[in-house]
Amino acid sequence: MPDRNLLECDLRGQTLVLKRLAQGASLDDVLQTLVEVSEQTRPEMIASILLLDESGCLRHGASRRLPKAYCTAIDGVIPGPDVGSCGTAAYTGKRVIVEDIRTDPLWNNAREIALRFSLQACWSEPIVASTGDVLGTFAMYYQVPRAPEQNDLDFVSASANLAALAIERVRYQNEVERERAVLKTIVNGIPDALISCHLDRRITHFSRSASRVFGYEPDEVLGQLTTFLYAHPDDHKRMARERFDTSLGEILEVTEVLWRRKSGETFPGELVGTTIRDESGNPLGFLGLIRDITDRKKAEAKLAESQNKLVQAERLAAMGQMVSAIAHESRNALQRIQVSIDVLQYEIEPGCESRDDLDRISRAKADLEHLHNELRNFAGPIQLEISSANLAQVWRQAWTNLQIARQGRDAQLIEEVDGINLDCQCDAFRIEQVFRNLFENALAACSDPVRVTVTCHATVKDGVPMLCVSVRDNGPGLSEDVKPCVFEAFQTTKAKGTGLGMAIALRFVEAHRGTIEVGDGQSTGAEFVIELPQSL
């Protein structure tokens, strides 16, 4: 074949190899294509490519016409100064030309197997990487002794360079794919939402955890501005100044932001935001890592509540000791006052000014005794006397005991409890005090006609059968600023009262492993909901 035609064929062959490389073909396919186009332009030549493995051995890379048994025999050969053409070329990093295998000393240890397959000449070019490391060899075998011409040397050199390009390119792609797979595994394994965006803050990546946290699928948000993820638009602007500004250095401090899910629900989250830069420091985009701290906030709130309860319990214990100490002394004093009042009532005639003063003393003594009893109930230890009781009879007794307070008023107790088994185990006296307190508050808050409605239904909470009782009046209800502190000690909306009634009610109900809460406010008036286990 004339040199010009041969050169054109070589160029077409190289173009085909490059095309296969550009198409993303595997390294085996690219090297096999290189061998095939080489043998097509030079029919008398047998091409072979060996690759150097990590252990330093030459392994079969590609061949078409080289006998399989020969390939197997030389597979794994260790390069050396006199190990045939390929072993020597890989060892020295230089081209090795053996014109006659029968006589060349480089083939002393492999001559027999080469001649067995009629291989009599071998020119080998080392495949050298851009770093200078040897990657393998490109060999041209002939079945007759032969010396190379200049176009042969040019061809073997070009083929080795093309093989080096293919090997480096494919290995680089494989390494990139491997790193990408590792990065993807890491990103998908992060429980926090990972979001990247362009410099204009349009989303480019939305991790699997981001979908779980926010509720959006990636195709719903890619290309969108991140504004819709923020619960407050001002936070989006603030983060543009504090985190997502390319003029800022690396900031790894955590900041707390309120976010919004697809459902519209908001949640607290910690944000770490930074700028993505290339190796030269040029900004490419932004990266944000968002951690949902809803559960942590709830745990912190529960811990704070527990700590407050502990502090309150310690205060109550101290107060209980104080009240117990006072009780002994004050009881005797109150008894002496009562005895003196009783005696004076016989001596002072009704209707005179002195008798009015005595009545005021008597009322003051009763108020002092009531305050003493409430302090003892609030601060002292609670010893429940559990017995079987019907809850309806308990609240009816509480209503009956308020007959004097209801005298002359249009007040009615309405019950809505048809078909409900109201038997339970409780300290009837303590629970009666709870209902009495609720009824007293209703009478104080409502104008006539007063209607107090008690409804009840059975429920199950954490596997425990419960009775749920609602006590609702027709008064003005509780204001929003009063509701959060209604069970706090010394909190009252009445003109006269200690402010301990609801705090005592809470203690009594909780001692029964129950709950008492302000109602949801869907109806008029004030509503309190009590839940008590049916058995203790």
Side-chain angles (χ1 to χ4, degrees), residues 312 316 319 323 366-385 389-407 409 411-415 422 424 426-447 450-456 467-479 482-519 521 525-532:
Q312 187 175 6
L316 287 175
M319 188 180 295
V323 169
D367 289 343
L368 182 60
E369 189 172 17
H370 177 69
L371 175 61
H372 178 271
N373 290 334
E374 287 212 335
L375 279 172
R376 185 174 57 188
N377 286 332
F378 175 69
I382 299 175
Q383 301 293 334
L384 297 179
E385 296 183 7
N390 183 278
L391 206 55
Q393 293 178 358
V394 174
W395 73 59
R396 289 168 188 162
Q397 185 62 49
W399 182 257
T400 300
N401 291 340
L402 291 173
Q403 185 174 359
I404 295 177
R406 293 185 283 112
Q407 190 172 3
R409 299 192 62 180
Q412 182 180 354
L413 180 67
I414 302 171
E415 298 180 354
L422 297 176
C424 67
C426 66
D427 185 327
F429 176 73
R430 303 289 191 182
I431 298 301
E432 180 187 323
Q433 285 182 276
V434 173
F435 285 113
R436 178 184 178 119
N437 192 276
L438 294 177
F439 295 156
E440 283 181 336
N441 289 343
L443 291 170
C446 299
S447 301
V450 181
R451 297 294 181 263
V452 179
T453 304
V454 179
T455 60
C456 187
L467 288 176
C468 180
V469 183
S470 166
V471 178
R472 184 179 72 253
D473 63 37
N474 61 337
L478 298 172
S479 62
V482 169
K483 286 181 180 180
C485 52
V486 71
F487 294 105
E488 293 181 6
F490 308 110
Q491 172 68 34
T492 183
T493 58
K494 295 185 292 187
K496 183 179 179 182
T498 63
L500 292 173
M502 295 307 297
I504 293 171
L506 177 64
R507 289 197 70 205
F508 286 172
V509 172
E510 288 184 342
H512 284 78
R513 297 200 295 272
T515 61
I516 179 171
E517 299 175 342
V518 178
E527 181 186 21
F528 289 88
V529 179
I530 303 170
E531 284 190 349
L532 292 172

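Here, residue 1 is the first one in the sequence, and each next residue gets the next number.
The CD1 atom of I431 sits 7.0 Å away from atom CD1 of I530, with the distance rounded to the nearest 0.5 Å. In this structure, E432 CD and F508 CZ are separated by 11.5 Å, a value rounded to the nearest 0.5 Å. One finds the CZ atom of R430 at 7.5 Å from the CD atom of E385 (value rounded to the nearest 0.5 Å). Annotation: the span from L422 atom CG to C456 atom SG amounts to 5.0 Å, rounded to 0.5 Å. Note that the CD atom of E517 and the CG atom of L506 stand 10.0 Å from one another [nearest 0.5 Å]. Distance check: Q412 CD to T453 OG1 gives 8.5 Å after rounding to the nearest 0.5 Å.
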- Verdict with supporting geometry, I414 and V454, side-chain contact (heavy atoms from CB on, under 4.5 Å): CA-CA 6 Å; I414 302 171; V454 179; over 6 Å; no
Is there a side-chain contact (heavy atoms from CB on, under 4.5 Å) between R409 and L443? Walk through the geometry before answering.
CA-CA 9 Å; R409 299 192 62 180; L443 291 170; 4.0 Å; yes
>> For a side-chain contact (heavy atoms from CB on, under 4.5 Å) check, start with the C-alpha distance between H512 and D427, then their side-chain angles and the critical distance, and finish with the verdict.
In response: CA-CA 8 Å; H512 284 78; D427 185 327; 3.6 Å; yes
- Tell me, with the steps shown, if F528 and V486 meet side-chain contact (heavy atoms from CB on, under 4.5 Å). CA-CA 11 Å; F528 289 88; V486 71; 4.1 Å; yes
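Shortest non-hydrogen contact noted between G519 and V529 is CA-CG2, 4.2 Å. The shortest non-hydrogen separation linking A511 to L384 is O-CD1, 3.3 Å. The heavy-atom pair separating A442 from V450 by the smallest distance is O-CG1, 4.5 Å. Residues A445 and P476 approach most closely at O-CD, 3.4 Å, considering heavy atoms.
Using a distance-only test at 3.5 Å, with no hydrogens or angles considered, no donor-acceptor pair links the side chain of N474 to the main chain of G525. Put simply, the side chain of D473 gets close to the backbone of A526: a donor and an acceptor are under 3.5 Å apart. The main-chain N or O of Q397 is found under 3.5 Å from a side-chain atom of N401 such that the two form a donor-acceptor pair.
For the residue pair E527/S470, the side-chain donor-acceptor check at 3.5 Å is satisfied. Residues E415 and W395 bring a donor and an acceptor atom of their side chains to less than 3.5 Å of each other.
Remark: S447 pairs with no residue by the side chain to side chain contact (heavy atoms under 4.5 Å, CB included) rule, at least two apart or across chains.
Using a 4.5 Å heavy-atom threshold, the side chains of L438 and M502 count as touching. Within the 4.5 Å cutoff, the side chain of N437 has no heavy atoms near those of the I504 side chain. The shortest side-chain heavy-atom distance between F435 and V469 falls under the 4.5 Å cut-off.
The pair E440-R436 meets the salt-bridge criterion, with a side-chain N (NZ, NE, NH1 or NH2) lying under 4.0 Å from an Asp/Glu carboxylate O.
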